[in-house]
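Here's the structure, in C-alpha cells; my notes come after.
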Amino acid sequence: MPELPEVETIARELRPDLVGRTILDVSFDWPNQIKHPRPADFAAALRGREVLSVDRRAKWVVAALGPAVDGGEPAVLAIQVKMTGQLDVVSPDAPRDKHIHVVMPLDDGRELRLRDTRKFGRLAVYGPAQADEVLGGLGPEPLSDEFTLADFRRILRRRKGRLKTLLMNQEFLAGVGNIYADEALWRARLHPLRSGAGLRPDQERLLYGSLRDVLNEAINRRGSSVDSYRAPSGAGEMQNFLNVYGRTGKPCPRCGHATRRIVIGARSTHFCSFCQRLPVRDRSEAAAKILSSIT
DNA sequence: CATTACCTGCAA
DNA sequence: TTGCAGGTAATG
C-alpha cells in the first residue's frame, strides 16, 4: 500500500485506540516479518510497555513506547506495512483469516492486528538511539513546515538522475511512492524521464507545490484504495481523483491526449503524452526507453 | 545502473 | 499461464 498519505491515515486512525494502552504481549507466525530484535526476543522487547504516541515518519508507523515493567529505557515500535499490510485495533472476537500474521493483545481487552497478504510488512522495536539512526537516514518530510522551496531546490540541484526515480528515492524525499510521484509530475507538467537537475526555477516551484498539494489532498481523502489498501476505518477515496496513475490509454483530464505507461526503474510510470512532453534536447535519450515498453 | 528476492492473489 | 501489484533490500 502505502505511501505517505496512506500511512499518515493509518497512524491518525490508530492513535486514539493505541495511545495510553499497554501492550500485553505479541504473537506472530512469520518470523521474517520481525526485523529487530531477533524474533525470539521480540515479545520480551514489547511486553508491558505503554504506547505514548503514534506518528508517521516516511512510510513507517512509529509508536513511542514507555519503559518496560522492570524499568529501563523507553523504546520505539516501528511498523512498515509495505504493499499489502493492514493495521487495525479490534476485539479478539472479530473474525480472523489466514492473512493475520501479527497480533498484540492490549490492556483494554482489544488487540492490534497486522493483516498482510504478501507478508512484506516489517516490525521492529528499537531503543531511542537506534530508532534515530534508522529513521534519521531518510530524506526530509515533504509536508513539514521546515521543508521549504529553497530546501527542495537545494536537494534537487545536487542530484543527477530522472525525476521519477528521484522522487521515489527515500533518502531524497521521505514518503513519496509510485502513485504520488506520477501524480505530482502530472500536476507539474513534467516528464518523468527528465533530469531533476535541469529544471527551470519556475518548474522547481511548480513541482514543490504539486508534491505538497497532491499529498495533502490524498491525506484529506484518506489515501488511495487502488488495490488492497484499507485504513482502519475502511477504504480511502483518493483513487477516484487520480489523474494519470492506473489510467493507461485513457484521456488526460487536462488536455484529452492519451495517458501512457512506461517502465522506469522497474516501476510502471504513467504520464500524459502531450502535457508532459520532454524538451527536445532530452528526447533521443528517452526515445528508446519509451519504444521498448509496450503502450 | 538493472535485476532479483521477498510473497500472494488476481486479471488478462 | 503469464504478468502485474502501492515497497524496500540485496545482489550483479
Side-chain angles (χ1 to χ4, degrees), chain A residues 1-11 28-36 39 56-61 78-87 97-102 114-124 134-135 137-139 159-186 192-193 195-196 211 214-215 218-219 221-231 235-249 261-270 285-286 288-289 292-295:
Chain A
M1 51 193 226
E3 307 182 29
L4 186 155
E6 288 75 26
V7 180
E8 179 66 30
T9 303
I10 293 168
F28 50 88
D29 65 0
W30 198 256
N32 277 356
Q33 298 200 274
I34 309 302
K35 199 181 163 84
H36 186 90
R56 176 194 60 76
R57 171 75 173 114
K59 299 171 193 172
W60 297 76
V61 175
I79 306 175
Q80 210 175 13
V81 293
K82 297 238 181 136
M83 301 281 271
T84 57
Q86 302 170 352
L87 290 167
D97 67 20
K98 63 176 180 175
H99 300 303
I100 310 271
H101 297 299
V102 182
L114 172 66
R115 180 175 186 277
D116 189 358
T117 311
R118 291 174 72 178
K119 302 179 193 162
F120 286 172
R122 295 291 181 265
L123 293 87
V134 172
L135 300 172
L138 297 162
R159 300 270 189 158
K160 271 294 179 190
R162 298 158 170 159
L163 279 173
K164 174 65 186 278
T165 312
L166 206 49
L167 294 181
M168 290 183 61
N169 180 344
Q170 299 301 295
E171 292 171 21
F172 173 75
L173 206 57
V176 178
N178 211 25
I179 295 180
Y180 301 110
D182 285 3
E183 292 294 318
L185 289 170
W186 178 84
L193 288 175
S195 135
L211 274 166
V214 75
L215 294 171
I219 290 171
R221 300 192 192 281
R222 297 175 35 262
S224 298
S225 290
V226 166
D227 188 9
S228 65
Y229 162 69
R230 296 290 178 279
E237 300 294 334
M238 188 65 185
Q239 67 280 6
N240 301 318
F241 298 88
L242 300 176
N243 292 296
V244 276
Y245 182 86
R247 293 176 40 83
T248 309
R261 177 184 178 280
I262 60 172
V263 175
I264 303 175
R267 311 309 304 280
S268 73
T269 299
H270 312 76
E285 189 218 327
K289 186 99 203 163
S292 69
S293 45
I294 309 100
T295 67

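The figures that follow rest on heavy atoms only: side chains count, while hydrogens, waters and symmetry mates do not.
Note that CZ of A:R162 and OG1 of A:T269 are 9.5 Å apart. Values are rounded to the nearest 0.5 Å. Distance check: A:L211 CG to A:E183 CD gives 11.5 Å after rounding to the nearest 0.5 Å. The CD atom of A:E6 sits 5.0 Å away from atom OG of A:S224, with the distance rounded to the nearest 0.5 Å.
In this structure, A:K59 reaches the C:dG7 phosphate: one of its side-chain N or O atoms is under 4.0 Å from OP1 or OP2. Put simply, A:Q80 has no side-chain N or O that comes within less than 4.0 Å of OP1 or OP2 on C:dG7. Between A:R267 and C:dG7 there is a side-chain polar atom (N or O) within less than 4.0 angstrom of OP1 or OP2. The phosphate of B:dG9 (OP1 or OP2) has a side-chain N or O of A:H99 nearer than 4.0 angstrom. An OP1 or OP2 oxygen of C:dA5 is reached within less than 4.0 angstrom by a side-chain nitrogen or oxygen of A:R261. Between B:dC6 and A:K119, no contact under 4.0 Å exists linking OP1 or OP2 to a side-chain N or O. One finds no side-chain N or O of A:Q170 lying less than 4.0 angstrom from the OP1 or OP2 phosphate oxygen of C:dG7. Contact annotation: A:K82 side-chain N/O to B:dA5 OP1/OP2 distance is not under 4.0 Å. In this model, the phosphate group of C:dA5 is approached by a side-chain N or O of A:S268 to a distance below 4.0 Å at OP1 or OP2.
Between the CE atom of A:M168 and the C1' atom of C:dA9 there is a distance of 14 Å, rounded to whole Å. Across the protein-nucleic acid pair, A:R115 atom CZ and B:dC7 atom P stand 18 Å apart, rounded to whole Å. Rounded to whole angstrom, the span from the CD1 atom of A:I179 across to the P atom of C:dC4 amounts to 17 Å. Distance, A:H36 NE2 to C:dA9 P: 15 Å, rounded to whole Å. Rounded to an integer number of Å, the gap from CD1 of A:I262 to P of C:dC4 is 14 Å. Rounded to whole Å, the distance from NZ on A:K35 to P on C:dA9 is 5 Å. Computed from coordinates, the A:K164 NZ to B:dA2 P distance equals 13 Å when rounded to whole Å. Protein atom CZ of A:F120 is 16 Å distant from nucleotide atom P of C:dC4, rounded to whole Å.
Residue A:I179 comes nearest to A:L242 through the heavy atom pair CG2-CD2, 3.9 Å, listed as atom of the first residue, atom of the second, then distance.
The main-chain N or O of A:A58 is found under 3.5 Å from a side-chain atom of A:R56 such that the two form a donor-acceptor pair.
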Secondary structure of DNA chain B in dot-bracket form (Watson-Crick or G-U wobble, distances below 3.5 Å, | marking inter-strand pairs): ||||||.|||||

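Counting any heavy atom pair closer than 4.0 Å across all strands shown, A:Y180 reaches no nucleic acid atom. Residue A:N32 is in sugar-phosphate contact alone, with no base atom involved, counting any heavy-atom pair closer than 4.0 Å across all strands shown. Residue contacts shown for A:K160 are absent, as no nucleic acid heavy atom lies under 4.0 Å away.
Taking atom P on both nucleotides, C:dT2 is separated from B:dT4 by 16 Å, rounded to a whole Å. Comparing B:dT3 with C:dG3, their P atoms sit 15 Å apart, to the nearest whole Å. A distance of about 15 Å separates the P atoms of B:dC7 and C:dT11, rounded to the whole Å.
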Would you please test A:W60 and A:V7 for side-chain contact (heavy atoms from CB on, under 4.5 Å) and show each step? CA-CA 7 Å; A:W60 297 76; A:V7 180; 5.8 Å; no

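With B:dC7, C:dT8, B:dT3 as the choices, the nucleotide that has an atom nearest any side-chain atom of A:A266 turns out to be B:dT3.
Side-chain contact, A:H270 with A:D182: a donor N or O sits under 3.5 Å from an acceptor N or O. Remark: the A:Y229 side chain and the A:E3 side chain contain no N/O donor-acceptor pair separated by less than 3.5 Å.
In this structure, A:R221 forms a cation-pi arrangement with A:F241, its terminal cationic atom sitting closer than 6.0 Å to the ring centre and no more than 45° off the ring axis.
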